[in-house]
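Convention: sequence-line order gives letters A, B, ...; per-chain numbering from 1.
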There are 2 protein chains.
Amino acid sequence: MTARNTTAPRRQPLGRERIIDETWALAADRGLAAVTMRAVADRLGVTPMALYRHVGDKQGLLDGLVERLLGEIRLPDPDLPWPDRLAQLAQGIRAVARAHPDLFPLLFARSAITEPARRPREAAYSALREAGLDQTHVERAERMLSTFVLGFASSEAAGRFEHIDADAEFAYATDALRKVLVP
Amino acid sequence: MTARNTTAPRRQPLGRERIIDETWALAADRGLAAVTMRAVADRLGVTPMALYRHVGDKQGLLDGLVERLLGEIRLPDPDLPWPDRLAQLAQGIRAVARAHPDLFPLLFARSAITEPARRPREAAYSALREAGLDQTHVERAERMLSTFVLGFASSEAAGRFEHIDADAEFAYATDALRKVLVP
DNA sequence: ACCTGAACACCGTTCAAGT
DNA sequence: ACCTGAACACCGTTCAAGT
């Protein structure tokens with residue numbers, strides 16, 4: 001509420017990177033609801049209006065969070081056999097959902113086609129190609145797997161699998177799905 | 001913006017049912033973003049404060065929308081064989097997602113355990129029991145199927161499967177999933 | 001080019017008061 | 001019991017102005 005950074009006014013120049021950094025930090029310690037143009041500006045010791053030049057608008061701020069969220073997904077070790085790579089990627093996505101339960105739903109609204117979603121998707125493609133699928137089947141299998149994994153992770157983050165052995169169930173289901181998609 | 005219903009002041013008594021009716025209508029023709037305590041009150045010719053006694057708070061309004069959303073799911077014809085019942089239920093869920101794309105994500109945040117989610121879930125249970133699964137496997141299969149169907153429907157509503165034959169892909173994936181879950 | 005100040009048109013919610 | 005009026009503490013965003 002009171003002005004911040006009055007003793008240390010603008011060390012670095014403002015810019016998208018620094019704004020998203022602070023947005024991410026704010027979301028991490030106060031939750032998604034606390035992410036407002038005003039609050040982010042406050043943390044940067046700047047007027048809300050100053051942000052508009054760099055991030056467009058509020059949605060631009062959220063896009064920044066989606067980017068970071070996707071960047072947080074640990075990519076699988078490329079030396080592992082392909083089934084392990086798929087499993088590791090899926091676990092990486094679940095881990096992000098658990099670490100950022102309130103941010104995770106943002107992935108459902110705007111994801112997939114955007115650039116930052118490419119790296120995890122390519123990791124899945126690579127594993128599925130190595131499994132022997134041709135390109136059309138690789139793409140379809142990736143869509144079905146990611147749909148299930150995102151759905152599962154969202155459900156988990158929302159507490160839908162509260163009293164259930166989610167680890168066992170997830171392992172079982174992804175294994176079964178994989179067997180169907182990769183005959 | 002201007003006062004409504006000034007010529008026809010409060011015909012019926014205010015109450016949760018009537019409030020949620022109007023909320024649903026508002027969401028249908030102006031979108032989820034237009035659903036505010038003030039706008040709903042305005043449509044009812046009443047002060048925003050009047051709503052609090054009946055719906056608790058803003059979240060109570062959204063819970064009402066979730067109820068209606070679940071109520072919109074067409075339940076399968078009980079005379080059909082179980083695989084068709086499952087398919088019909090899944091299509092019913094997709095249909096709701098397509099009819100209310102901006103409301104549908106609400107289902108992910110708060111669903112499953114709540115009472116209004118019971119009817120579609122019971123329909124799935126019934127089909128899976130008829131397929132010969134015991135109760136533990138019925139519940140697990142339902143969780144996995146609903147996770148996939150909700151994820152697929154959300155993705156579709158968000159436009160993730162824009163240039164893809166979603167019908168074919170959905171049929172293929174749910175069929176495959178069913179074969180795995182119901183051996 | 002980049003930031004500020006003031007303003008506009010909103011929000012959800014509390015609280016005391018009216019009937 | 002049920003609703004209102006006024007107020008509080010916020011929002012995102014526009015616009016003209018400053019440097």
Between B:Ala50 and A:Gln59, which has a closest nucleotide on DNA chain D that is more 5'?
B:Ala50
Roughly how many Å is it from CG in B:Leu62 to C1' in C:dG12, rounded to a whole number?
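Roughly 12 Å, once rounded to whole Å.
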A:Asp42 CG to C:dT4 C1', straight-line distance once rounded to whole Å:
14 Å
[X] versus [Y]: any side-chain heavy-atom pair under 4.5 Å?
X: A:Gln88; Y: A:Arg85; answer: no
X: B:Asp84; Y: B:Pro76; answer: no
X: A:Leu181; Y: A:Leu128; answer: no
X: B:Pro83; Y: B:Glu130; answer: no

Secondary structure string for DNA chain D (Watson-Crick or G-U under 3.5 angstrom, | for other-strand pairs)
||.|||||...|||||.||
Going through the distances and angles, do B:Arg121 and B:Ser126 end up as a side chain to side chain contact (heavy atoms under 4.5 Å, CB included)?
CA-CA 9 Å; B:Arg121 189 174 55 243; B:Ser126 149; over 6 Å; no
Below 4.0 angstrom, which residues in residues 51-58 of chain B have at least one non-hydrogen atom near DNA chain C?
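B:Tyr52, B:Asp57, B:Lys58, in order of number.
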Only counting residues at least two apart or in another chain, list the ones meeting salt bridge (Lys or Arg N to Asp or Glu O under 4.0 Å) with A:Asp175.
A:Arg178, A:Lys179
Counting neighbours of CZ on B:Arg74 that are heavy atoms of other residues, nucleotides or ligands and sit closer than 6.0 Å, is the number greater than 12?
no
Quick check for you: among C:dG12, D:dG5, C:dC3, whose closest atom lies nearest to any side-chain atom of B:Arg38?
C:dG12
Minimum-distance nucleotide (side-chain atoms of A:Met49 versus D:dC15, D:dC3, C:dT13)
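Of D:dC15, D:dC3, C:dT13, D:dC15 is nearest to the side chain of A:Met49.
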Roughly how far apart, to the nearest Å, are C:dA9 and D:dA9 at atom P?
23 Å
For DNA chain D, which residues in residues 24-37 of chain A have a heavy atom at a distance below 4.0 Å?
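A:Thr36, A:Met37 - these, ordered by number, are the residues of the stretch whose heavy atoms sit under 4.0 Å from the strand.
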Sorted by chain and number, sequence neighbours left out, side chain to side chain contact (heavy atoms under 4.5 Å, CB included) with A:Glu72 holds for A:Trp24, A:Val96, A:His100
Evaluate B:Thr47 against B:Arg38 for side-chain hydrogen bond (donor to acceptor under 3.5 Å, both in side chains), listing each step before the verdict.
CA-CA 8 Å; B:Thr47 270; B:Arg38 289 169 135 98; over 6 Å; no
salt_bridge(A:Glu142, A:Arg129) N-O dist < 4.0 Å:
no
Filter on ring pair (Phe, Tyr, Trp, His ring centres under 6.0 Å), then keep only pairs touching residues 164-183 of chain A, sequence neighbours left out; what's left?
A:Phe152-A:Phe170
